[in-house]
2 protein chains.
Amino acid sequence: MSNTKVLPLLEADGRGVTPCCPPLTERPMTAEEAETAARMFKALGDPVRLRLFSAVASHEGGEACVCDISDVGVSQPTVSHHLKKLKEAGLLTSERRGTWVYYRVEPSVLAAMGKLLALPAAA
Amino acid sequence: MSNTKVLPLLEADGRGVTPCCPPLTERPMTAEEAETAARMFKALGDPVRLRLFSAVASHEGGEACVCDISDVGVSQPTVSHHLKKLKEAGLLTSERRGTWVYYRVEPSVLAAMGKLLALPAAA
DNA sequence: CGCCTGGTTCGACGTGTGTCAACATAGACG
DNA sequence: CGTCTATGTTGACACACGTCGAACCAGGCG
């Protein structure tokens, strides 16, 4: 099944990240840019998703089994639901290895979001 | 009235920003940290709010009159509603000067969110 | 093959959220 | 003081979203 369709939030080609939009402070975002960027923010706008994302991102090797991170206070189907949302937002990728499913962060997305919030002076 | 209660997202004391939480990649966030940080992300998780925020942030002097930024495709009450949300999230502050109301970004919040997304290697 | 464990999908339900029209408030200006 | 412009507030409504239990797929193992 591949990856449920990952949004074209940004072009991640290894190291050189091409962000979807300029920094928020550079100029007013267009409607299209805002639509794109808001998807990422919205994906992280839920406490459970944020914990799941952080758990994956901070896990050794940048990846984690669902069984390792599903202790966030909600039922297991809900965990799966949120992981799917994060995957659809392009923040995570999943891979099945035998019995377990591993989730991995997309580092380029983190970098792009960081640039979005970069201060002009602190750049 | 004053500022509708600004959330204690972080302690902004001029230059030294004390972020609410460690970088997402450092360790799994606690439920409390996630709750706090998710509020900020959620506030930016709407395209209209993101455009409004970007319009204010990119405006000269870091502040903008409502009349300057209310051209985002929704009705005026909706604009006011979103600006209120951004204010409640601690991302904007408002000030009435005569006839017009000016909104201003809270730069420390931007910095804190940037740190939240900072990559450990790219730090 | 049958079953058990790990994970996802489905269906349903309650709450939250974005939106607008209508009304209310704050200054400016005559 | 009355009125006009600029914003904010209220009430209502439709839709999206988070959550769960139950049913369903995928591998491993006896």
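No experiment lies behind these values; they were computed from the predicted model shown. Side chains are part of it too, since the values below use all heavy atoms of this structure and drop only hydrogens, waters and symmetry mates. In the text below, chain A, chain B and the rest are named by the order of the sequence lines, each starting its count at 1.
- Using a 4.0 Å heavy-atom cutoff across all strands shown, Y103(A) reaches sugar-phosphate atoms only and no base atom.
- Remark: the backbone N or O of K42(A) is paired with a side-chain donor or acceptor of R49(A) at under 3.5 angstrom.
- The CD-C1' distance, from E95(A) to dG6(C), rounds to 16 Å in whole Å.
- Checking dT8(C), dG18(C), dG8(D) against the side-chain heavy atoms of V101(A) singles out dT8(C) as nearest.
- Put simply, the side chain of L50(B) reaches to within 4.5 Å of the side chain of L24(A), judged on heavy atoms.
- Nearest heavy atom pair, residue R51(A) against residue D71(A), reads NH2-O, 4.2 Å.
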Worksheet entry | Protein proximity profile, nucleotides 25-30 of chain C - base contact B, sugar-phosphate-only contact S, no contact -, cut-off 4.0 Å on heavy atoms | --SS--
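- E33(A) pairs by the salt bridge (charged side-chain N to carboxylate O under 4.0 Å, His left out) definition with R27(A), not counting sequence neighbours.
- Proximity of F41(A) to L116(A): side-chain heavy atoms (C-beta onward) are separated by under 4.5 Å at one or more points.
- Whole-Å rounding puts the E88(A) CD to dC17(D) C1' distance at 13 Å.
- Looking at heavy-atom distances under 4.0 Å, H82(A) makes contact with sugar-phosphate atoms alone, never a base.
- For the segment residues 70-79 of chain A, the set of residues with a heavy atom within less than 4.0 Å of an atom of DNA chain D comprises V74(A), S75(A), P77(A), T78(A), in numerical order.
- Under the side chain to side chain donor-acceptor pair (under 3.5 Å) criterion, T99(A) pairs with no residue at all, not counting sequence neighbours.
- Listed candidates were dT7(D), dG18(C), dG6(C). Nearest to the side chain of W100(A) is dG6(C).
- Under the 4.5 Å side-chain criterion, counting only non-hydrogen atoms from C-beta, H59(B) is not in contact with Y103(B).
- Residues V56(B) and D68(B) fail the side-chain proximity criterion, which asks for heavy atoms closer than 4.5 Å.
- Not counting sequence neighbours, S80(B) has no partner by the side chain to side chain donor-acceptor pair (under 3.5 Å) test.
- In this structure, Y102(B) atom OH and dG8(D) atom P are separated by 13 Å, rounded to whole Å.
- For E35(A) and dG18(C), the CD to P distance is 13 Å, given to the nearest whole Å.
- Proximity of residues 41-66 of chain A to DNA chain D (heavy atom under 4.0 angstrom from any strand atom) is restricted to K42(A), D46(A), V48(A), R49(A).
- Contact between the side-chain N/O atoms of K85(A) and the OP1/OP2 oxygens of dG18(D) is found at a separation under 4.0 Å.
- The distance from atom NE2 of H81(A) to atom C1' of dA16(D) is 10 Å, rounded to the nearest whole Å.
- By the neighbour-count criterion of 12 heavy atoms within 6.0 Å, atom CD of E32(B) is sparsely surrounded, having that number or fewer from other residues, nucleotides or ligands.
- Side-chain contact check for M29(A) versus F53(B): every heavy-atom pair is 4.5 Å or farther apart.
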